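For reference, the structure discussed in these notes is given below.
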Amino acid sequence: MESYELKIVNKRLDMATQAFFNANVQAVDNDGKSIYKHFDDFFDYISAINDVRSKYEPNYVPIKKTKKKSKTDALIDRINTYKKKHPKKGAN
């Protein structure tokens with residue numbers, strides 16, 4: 001039964017993906033900007049999976065959403081990693 005419901009969630013994901021693209025084309029606010037910035041604003045796949053699995057697995061630990069890093073944060077991380085791997089000579 002759990003696998004069937006997970007299959008249904010995947011079908012809902014496919015339908016939501018198509019609907020998202022259709023809605024993104026048609027749904028705009030007063031300024032002409034898209035209402036949905038990200039797909040997760042439209043359909044939360046991770047929550048749907050967590051709901052189904054927690055119903056059937058008593059010890060299920062929900063999947064946590066990971067927040068995307070901004071481009072600036074990613075760049076800072078890369079710079080810090082580079083600095084650790086390539087320290088300046090003579091700097092103690």
Side-chain angles (χ1 to χ4, degrees):
M1 194 67 178
E2 178 184 3
S3 63
Y4 174 74
E5 287 193 33
L6 290 173
K7 186 176 179 180
I8 296 297
V9 169
N10 284 327
K11 281 188 179 183
R12 286 178 50 208
L13 174 65
D14 291 342
M15 291 187 300
T17 302
Q18 184 62 45
F20 175 73
F21 289 127
N22 291 340
N24 233 12
V25 170
Q26 298 171 1
V28 293
D29 61 10
N30 293 335
D31 298 329
K33 295 180 182 176
S34 177
I35 293 174
Y36 305 109
K37 301 275 185 215
H38 304 283
F39 182 72
D40 287 342
D41 298 338
F42 187 77
F43 178 73
D44 193 356
Y45 178 71
I46 293 175
S47 286
I49 292 292
N50 285 339
D51 291 344
V52 171
R53 293 194 62 194
S54 63
K55 232 188 332 186
Y56 293 99
E57 300 174 32
N59 298 327
Y60 176 70
V61 177
I63 302 168
K64 294 182 182 176
K65 294 181 186 180
T66 57
K67 186 177 179 184
K68 278 189 171 180
K69 287 186 178 181
S70 70
K71 289 181 181 181
T72 306
D73 291 337
L75 182 61
I76 290 170
D77 286 347
R78 280 188 235 138
I79 290 170
N80 289 336
T81 302
Y82 179 83
K83 285 180 179 179
K84 286 179 186 176
K85 289 184 178 181
H86 307 297
K88 290 183 179 180
K89 294 181 180 176
N92 289 339

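Small disclaimer: the values here were computed from a predicted structure and weren't measured.
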Check your understanding: Taking only residues two or more places apart in sequence or in another chain, which ones pass salt bridge (charged side-chain N to carboxylate O under 4.0 Å, His left out) with D77?
Key -> K69
Study note, to complete from the structure: To the nearest 0.5 Å, atom CG of N10 lies from atom CE of M15 at 11.0 Å
**Study point:** With sequence neighbours excluded, residues passing side-chain contact (heavy atoms from CB on, under 4.5 Å) with T81
**Key:** K85
Check your understanding: Is V9 linked to Y56 within one hydrophobic cluster, defined over Ile, Leu, Val, Met, Phe, Trp and Tyr using a side-chain heavy-atom separation of less than 4.5 Å?
Key -> yes
Study note, to complete from the structure: ring-ring contact (aromatic ring centres under 6.0 Å, His included) filter on Y4, not counting sequence neighbours, yields none
Exercise for review: Determine whether more than 12 heavy atoms belonging to other residues, nucleotides or ligands lie under 6.0 Å from atom CG of D31.
Suggested key: yes
Exercise for review: Using a 4.5 Å cut-off on heavy atoms from C-beta on, say whether the side chain of I76 contacts that of T72.
Suggested key: yes
Practice item. For S54, check side chain to side chain donor-acceptor pair (under 3.5 Å) against everything at least two apart and list the hits. Key: none
Check your understanding: In chain order, what residues pass the side-chain contact (heavy atoms from CB on, under 4.5 Å) check against I63, with sequence neighbours excluded?
Key -> I46, I49, N50, Y60
Practice item. Mind running side-chain contact (heavy atoms from CB on, under 4.5 Å) on L13 and T17 for me, showing each step along the way? Key: CA-CA 6 Å; L13 174 65; T17 302; 4.1 Å; yes
Exercise for review: Give the cluster check for M1 versus V52: same hydrophobic cluster or not, with ILVMFWY residues linked at side-chain heavy-atom distances below 4.5 Å.
Suggested key: yes
Revision key, fill the gap. Salt bridge (Lys or Arg N to Asp or Glu O under 4.0 Å) pairs touching residues 52-63, sequence neighbours excluded, are E2-R53, E5-K55, R53-E57
